[in-house]
Amino acid sequence: MLRKVCAGVALGLLAMSLAACNNSDTGGDSGSAADEKITLGFSQVGAESGWRTANTTSIKDSAAKAGIDLKFDDAQGKQENQITAIRNFIQQKVDVIAFSPKVETGFETVLKEAKDAGIPVILTDRAVDTPDKTLYKTFLGSDFVKEGKASGDWLVNEMKGATADVNIVELQGTTGSAPANDRKKGFADAIAANPKLKIIASQTGNFERAGGKAVMEQFLKANPKIDVLFAHNDDMGLGALEAITAAGKVPGKDIKIITIDAVKDGMQALADGKFNFIAECSPLLGPQLMELVKKVKKGESVPARIETQETTFTQEQAKAALPTRQY
Ligand code: AHR
């Protein structure tokens with residue numbers, strides 16, 4: 001009898017301890033792990049360029065590595081889609097919102113909505129033009145004015161012996177975007193050092209190859225003497241190459257070409273002597289962004305501005321860098 005009672009008590013204790021174990025497995029540990037998982041809503045501009053594709057890959061890969069639950073939205077080049085995506089993220093109560101604003105203006109209302117909902121926002125790649133700096137926690141990205149200035153400085157040096165006017169055409173990025181505005185300014189400021197350097201035509205190619213090609217065709221038709229092309233990104237420069245070659249001119253020689261980004265196709269054109277100079281703009285923002293997301297979620301303070309470190313490339317430097325280029 002005593003044996004039966006002991007066996008019964010032992011079984012009961014075993015069952016209780018198993019139940020306790022089960023509870024801590026399902027309710028305890030995984031519950032708190034689920035609570036800790038950060039949800040990031042990211043609104044991407046679109047897929048207009050090689051740079052943008054590399055940027056999207058960097059963000060997706062880094063989120064997966066960091067264990068961050070990424071809700072990714074491609075706005076397909078439309079600001080209204082970005083605003084809708086941000087509103088959806090607010091409704092879904094994500095922990096942090098990050099986005100690369102297509103243009104500098106028109107985001108204040110939705111940024112206020114995110115702030116009122118208590119969701120921190122990180123600007124990445126491009127900034128918005130607002131006096132209210134409390135609408136976002138930080139801005140991670142390049143200094144586009146510097147990129148334009150580096151491009152202009154190279155040209156000033158290259159053309160220092162010029163005795164006649166140097167006719168420059170400019171392919172601008174998306175109208176109203178920070179990189180288009182800032183690169184234009186940086187370049188114009190730099191070339192002001194030599195009054196012989198003259199921008200004779202300037203138009204948007206929307207950061208796209210097709211746009212670069214179409215606008216360059218118009219430039220070539222309207223202007224018999226073009227000495228230099230300054231394209232706000234590699235893709236437009238690559239599109240323009242086709243137009244220049246089709247017009248019977250030799251890119252890199254008859255028309256010197258300066259671009260920005262340094263994606264692989266651009267670097268190849270530079271190494272091949274078809275481009276003459278590239279100012280780098282790095283799309284590899286993912287790892288830094290994920291670190292910032294974690295800090296902001298914990299309520300830690302972050303610097304208001306984090307500038308991406310970049311360089312420039314001549315033809316010789318492109319040849320050396322190409323074999324190990326990541327994007
Ligand atoms: O905002 C970065 C710019 O956007 C890149 O230079 C360009 O290629 C892209 O589309």
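All values below come from the heavy atoms of this structure, side chains included, with hydrogens, waters and symmetry mates left out. Note that ligands are numbered from 1 as they come in the structure, with each ligand's atoms numbered from 1 the same way.
Residue-level contacts of ligand 1 at the 4.0 Å heavy-atom threshold are Glu48, Ser49, Trp51, Arg52, Asp125, Arg126, Phe144, Pro179, Arg183, Phe207, Asn233, Asp261.
The cationic atom of Lys71 (NZ for Lys, CZ for Arg) does not lie both less than 6.0 Å from the six-membered ring centre of Phe42 and within 45° of the ring axis.
Listed for the Arg87 side chain is no donor-acceptor partner under 3.5 Å among the backbone atoms of Glu113. Counting only distance, with no hydrogens or angles, the side chain of Asp143 and the backbone of Val145 share a donor-acceptor pair below 3.5 Å. A side-chain donor-acceptor contact under 3.5 Å links Ser62 to the backbone of Ser58.
With sequence neighbours excluded, no residue forms a ring-ring contact (aromatic ring centres under 6.0 Å, His included) with Phe144.
Using cut-offs of 30° and 60° on the angle between ring planes, the pair Phe187 and Phe230 is parallel.
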